[in-house]
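Reminder, nothing fancy here: chain letters follow the sequence lines and each chain counts from 1.
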Amino acid sequence: MGIELLVNLSYVAAAVLFIFGLKMLGSPATARKGNLVSAVGMFIAVVVTLLDQSIIDYKWIIAGIIVGGAIGAMVARSVEMTGMPEMVALFNGFGGVASLFVGWAALYGMDASAFQLITIILSILIGGVTFSGSMVAWGKLSERISGKPLVFGGQRVFNILLILAIVISSVMFTLNPESGIFLYIVIGLALLLGIMLVIPIGGADMPVVISLLNSYSGLAACAAGIAINNIILIVAGALVGASGIILTQIMCKAMNRSLSNVLFSGFSAVSAGGAAAKIEGEVKSMTADDAYYVLEAAASVVIVPGYGMAVAQAQHVVKELQELLEQNGAEVVYAIHPVAGRMPGHMNVLLAEADVSYDLLLEMDAVNPRMETFDVAIVIGANDVVNPAAREMEGSPIYGMPVINVDMARNVFVMKRSMASGFAGIDNPLFFKENTRMLFGDAKEMLGNIIKAFS
Amino acid sequence: MGIELLVNLSYVAAAVLFIFGLKMLGSPATARKGNLVSAVGMFIAVVVTLLDQSIIDYKWIIAGIIVGGAIGAMVARSVEMTGMPEMVALFNGFGGVASLFVGWAALYGMDASAFQLITIILSILIGGVTFSGSMVAWGKLSERISGKPLVFGGQRVFNILLILAIVISSVMFTLNPESGIFLYIVIGLALLLGIMLVIPIGGADMPVVISLLNSYSGLAACAAGIAINNIILIVAGALVGASGIILTQIMCKAMNRSLSNVLFSGFSAVSAGGAAAKIEGEVKSMTADDAYYVLEAAASVVIVPGYGMAVAQAQHVVKELQELLEQNGAEVVYAIHPVAGRMPGHMNVLLAEADVSYDLLLEMDAVNPRMETFDVAIVIGANDVVNPAAREMEGSPIYGMPVINVDMARNVFVMKRSMASGFAGIDNPLFFKENTRMLFGDAKEMLGNIIKAFS
Amino acid sequence: MEIAVYLAFILMLSIFLGFELINKVPATLHTPLMSGSNAISGITLVGALTSAGAEHSGLATVLGTIAVAMATINVIGGYMVTDRMLAMFKKKGSAK
Amino acid sequence: MEIAVYLAFILMLSIFLGFELINKVPATLHTPLMSGSNAISGITLVGALTSAGAEHSGLATVLGTIAVAMATINVIGGYMVTDRMLAMFKKKGSAK
Ligand SMILES: NC(=O)c1ccc[n+]([C@@H]2O[C@H](COP(=O)([O-])OP(=O)(O)OC[C@H]3O[C@@H](n4cnc5c(N)ncnc54)[C@H](OP(=O)(O)O)[C@@H]3O)[C@@H](O)[C@H]2O)c1
Ligand SMILES: NC(=O)c1ccc[n+]([C@@H]2O[C@H](COP(=O)([O-])OP(=O)(O)OC[C@H]3O[C@@H](n4cnc5c(N)ncnc54)[C@H](OP(=O)(O)O)[C@@H]3O)[C@@H](O)[C@H]2O)c1
């Protein structure tokens with residue numbers, strides 16, 4: 001009784017820490033501390049659970065924790081910055097499968113009531129969908145499988161039938177909890193559903209999908225908590241489930257999309273594909289030396305980094321160029337698009353690594369109104385986020401997305417290796433504009449050449 | 001069992017409605033609907049409670065509801081706009097005393113555990129403090145008792161002893177729940193504490209105090225809920241308790257005060273009283289006709305209403321003057337101070353009643369930066385909220401409070417009946433400024449005279 | 001015992017939620033918000049109903065009945081006054 | 001029965017609180033916030049612990065042990081990756 005009270009009070013404390021942690025994670029000044037606060041909550045919850053009397057055998061627990069902890073720590077340490085988003089997907093999938101197993105294991109060793117059976121099947125279902133969905137998202141983000149939306153005829157019908165099948169077999173299971181067959185069917189179908197839900201979504205939308213799946217994994221934990229009557233699972237799971245949905249919506253808004261548009265737009269991709277308008281104009285390229293002469297004379301320069309800067313690991317050279325330009329008397333700022341790179345905040349993190357001052361990183365909305373005042377806009381490995389088609393071409397798949405209007409600067413330098421398209425896989429009329437010059441080559445090398453010209 | 005489930009599910013629904021209601025009350029577009037939503041929640045909660053089996057005798061309930069409902073409805077209907085804040089104080093007090101009685105009644109008919117006894121005594125205590133505190137606040141606001149902070153020597157010591165006595169008699173009560181004597185002592189002391197806490201606070205701060213007491217009455221309901229193990233009382237009470245504290249803090253911020261400053265500054269009032277600086281200058285008065293000539297030539301006019309406009313019920317005449325000035329080609333705006341009048345939003349409500357367009361009502365922060373551009377500032381029955389001493393005189397009791405800087409307009413007309421001070425009871429150097437003219441008289445009459453001059 | 005834990009969680013969550021619900025409120029809404037939440041605190045009426053209706057001692061019934069009357073004043077009066085206040089904010093010509 | 005009611009309240013309050021906690025988050029924090037709340041969803045580890053530790057059938061123990069390992073990866077990896085991400089936002093010369 002004494003221990004039980006301690007355990008439960010600690011659970012309350014852990015929940016409070018989770019709440020504070022989540023709140024603090026939402027604001028830049030406190031985010032890192034918030035993560036720590038929530039980690040402390042998790043630590044407390046785990047430690048007091050181990051004190052619980054119903055645990056009689058520690059060897060498997062210890063084995064599981066050691067194996068899982070080692071893998072988790074190793075992976076988290078070694079993953080590269082650019083690989084972090086897919087890492088989150090992977091971790092999320094593991095959380096889902098854990099909830100699936102917790103629900104499954106709850107079947108044994110207790111005489112489950114109908115209500116409990118329902119919660120068990122829910123945790124298995126949501127856990128399964130989370131797991132396989134996260135795995136597909138991971139594959140798409142890490143380019144292990146194609147980032148293109150995968151669609152086929154009759155996909156909708158298939159999905160509806162799939163969901164029907166899941167409902168029926170879940171009902172069958174609750175009626176016959178003894179026979180394992182329905183259980184396996186449900187697990188299999190849940191895994192299939194997770195895959196089917198994510199494959200029609202393009203790789204560019206994966207961050208949103210991961211956020212949604214993260215919400216699901218919270219709900220799975222919540223359902224598992226109801227199944228085994230553990231209150232901290234319920235509270236923490238519901239918190240994550242709800243806040244994850246809000247975060248998903250916020251992310252959609254940053255991309256100027258609706259959630260349903262993200263989830264289901266893949267289906268219409270087949271038809272809309274070929275309708276792109278013709279782009280007119282001529283591509284003009286220039287050398288690093290030519291670029292130097294223009295930059296030397298420029299009084300104000302805006303640098304727009306994109307995924308290519310991350311690929312080329314060019315952030316340090318960018319910073320060097322910035323300093324040279326500043327010594328030369330020019331004003332230099334960076335314009336950061338919310339979805340530049342492959343995860344939100346990608347560019348900020350890279351530039352922070354190169355010690356670029358935080359003040360110089362302007363948001364899109366701060367730069368666009370004064371774009372005309374810049375002598376030069378240097379686009380470094382960005383493509384979709386500076387694509388004027390989003391503004392001009394109604395048929396374009398990215399039409400309506402807010403972009404950085406570099407084409408309105410006096411001169412635009414675009415650094416990339418080829419005329420290849422970016423993540424969205426669409427052509428960019430920017431490259432054909434009158435005031436655009438292409439600097440073909442790897443961003444790091446090209447910047448290095450310009451810097452050499454300065455000295 | 002079926003009914004109990006219904007009751008409890010309805011309680012969940014009621015709590016959801018309260019949550020939505022509170023949220024909606026916080027934003028102008030949805031506030032009125034929010035109040036309705038929360039009222040529906042209350043209706044559901046009350047109706048399903050009446051279905052509960054443990055209620056066997058309805059006659060007293062019906063009597064209580066009829067009497068209470070009739071009084072509540074009558075008072076709410078008949079109270080004048082300006083009397084609403086004190087009405088809230090009164091209602092709040094009744095809520096507090098109800099919680100006190102609920103806690104008290106819980107003593108009978110059940111074998112209370114020590115834990116329950118503690119929650120019972122808590123609900124009695126908080127309910128009692130809420131009741132007597134609200135009554136004092138009501139008296140001060142409605143000027144049934146003096147609005148001046150009431151302080152006497154040894155007040156602090158007395159309060160500390162009082163709290164000690166409460167703690168001791170509460171402990172004695174929990175140890176001897178049978179003997180009624182300690183119960184009566186606790187009730188008496190709680191009532192005394194409520195009075196003692198509110199009397200040292202000035203009438204101008206009563207809105208903050210009521211908000212705080214409102215938070216207390218939530219906590220009292222919450223404590224009563226724990227005592228009688230009723231979950232909707234706990235949830236709704238805690239919601240009100242917590243949101244009330246936040247609201248209190250927001251209100252303090254609007255007055256540029258801290259909560260502890262509001263609650264305890266009265267104690268130091270005795271000493272600070274006489275230290276006011278000498279005001280230099282000459283009071284110049286003018287007639288309505290003189291005012292007319294200036295107004296006729298003005299291109300931009302700002303109207304600053306205060307409590308005097310409410311007293312004179314001058315809002316309709318003000319609107320008439322506004323229209324005349326506009327026909328005359330002048331720009332007219334209103335500057336509304338957050339604590340003008342006797343309740344927050346007082347001026348907005350009055351002017352809305354007179355059909356003044358919402359767009360013309362500017363907040364202090366919107367008007368102050370452009371105050372120099374106004375030809376005339378007409379101060380109608382405002383005093384404290386336009387007192388430049390808040391800006392200029394460090395010793396002044398209102399020093400640091402943000403005010404509307406009418407003295408920076410080219411001409412200032414002040415309409416009031418005499419040189420009397422306003423709510424804060426301090427002199428106003430504005431009346432002595434070079435560019436100020438006094439229009440002595442009732443605001444409504446004076447405005448009428450000016451309007452007559454126009455036609 | 002177990003119930004106390006649930007209550008602790010419910011209390012904790014309600015308090016946090018109460019804090020979060022009120023964000024930036026314009027000054028004009030302070031009084032109606034106060035009044036509206038004051039009406040909610042009249043929920044103690046539900047407790048009063050059970051006290052007044054149960055066939056306990058005479059004193060409990062008397063206390064309960066008074067509590068019912070008082071709480072009803074709070075509830076009915078509170079909601080009506082709040083509504084009257086808010087009704088006066090009819091926003092002519094306002095954007096939204 | 002009574003417990004189900006408490007659970008319903010707890011669930012409802014947690015969900016509302018979860019909604020309210022996340023307001024306007026700057027785009028830079030979307031990924032860390034997602035990753036950090038993903039780590040919290042690893043709370044299922046607590047459930048896994050009870051499954052793995054209880055002396056049930058062999059299958060339950062196996063499932064529980066796998067669940068412990070998986071959930072631990074989620075928790076440890078999640079918190080560490082989040083911390084690494086946030087560590088990179090060192091704000092030089094920022095106002096606050
Ligand atoms: N931020 C997020 O949360 C997120 C997550 C997933 C997806 N996305 C999506 O990713 C896209 C981001 O736009 P973005 O403009 O940053 O990138 P982008 O549109 O993907 O374009 C990147 C460009 O960089 C160039 N590049 C690649 N390696 C390079 C190198 N070593 N040196 C120079 N250039 C190189 C590529 O062109 P070459 O091949 O010709 O060099 C490519 O066109 C958007 O579509 C967004 O929706 C964003
Ligand atoms: N808004 C709130 O929430 C709230 C609540 C409670 C207290 N308060 C406090 O109340 C004060 C509000 O400031 P305020 O400037 O609006 O009012 P005020 O400082 O109280 O001044 C009102 C002035 O109106 C004049 N007046 C009264 N009846 C009049 C009539 N019939 N015609 C013309 N003038 C008349 C009075 O002067 P004569 O007697 O010379 O005519 C008085 O000086 C502040 O101190 C504030 O802190 C505010």
query: Is a side-chain donor or acceptor of D:Arg84 paired with a backbone partner of A:Met84 at a separation under 3.5 angstrom?
result: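 Such a contact is absent between D:Arg84 side chain and A:Met84 backbone.
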Full working for side-chain contact (heavy atoms from CB on, under 4.5 Å) between A:Ile234 and D:Ser14: CA-CA 8 Å; A:Ile234 301 175; D:Ser14 307; 5.7 Å; no
[atom1]/[X] to [atom2]/[Y] distance, rounded to the nearest 0.5 angstrom?
| X | Y | atom1 | atom2 | answer |
| --- | --- | --- | --- | --- |
| D:Thr65 | A:Lys59 | OG1 | NZ | 9.0 Å |
| A:Phe101 | D:Ile66 | CZ | CD1 | 4.5 Å |
| D:Ile43 | A:Tyr11 | CD1 | OH | 7.5 Å |

Just wondering, do [Y] and [X] contact through their side chains at under 4.5 Å, heavy atoms?
| X | Y | result |
| --- | --- | --- |
| D:Leu49 | A:Ile65 | yes |
| A:Leu25 | D:Ser37 | no |
| D:Met85 | A:Asn35 | no |
| A:Leu90 | D:Ile73 | no |
| A:Trp60 | D:Val62 | no |

Quick check for you: among [options], which has the greatest number of heavy-atom pairs under 4.5 Å with chain A?
| options | answer |
| --- | --- |
| D:Val81, D:Leu13, D:Leu11 | D:Val81 |
| D:Met34, D:Met80, D:Glu20 | D:Met34 |
| D:Thr82, D:Thr44, D:Leu17 | D:Thr44 |
| D:Asn38, D:Ile22, D:Leu21 | D:Asn38 |
| D:Leu45, D:Ile76, D:Val68, D:Leu29 | D:Leu29 |

Chain A contact via [X] - which portion, at a heavy-atom distance below 4.5 Å:
| X | answer |
| --- | --- |
| D:Ile15 | both |
| D:Leu7 | side chain |
| D:Val75 | side chain |
| D:Ala39 | backbone |
| D:Leu33 | both |

task: Report the C-alpha separation of A:Ser38 and D:Tyr79 in whole Å, then their side-chain angles, then the decisive distance to 0.1 Å, and conclude whether the side-chain hydrogen bond (donor to acceptor under 3.5 Å, both in side chains) test is met.
output: CA-CA 9 Å; A:Ser38 116; D:Tyr79 280 116; 2.8 Å; yes
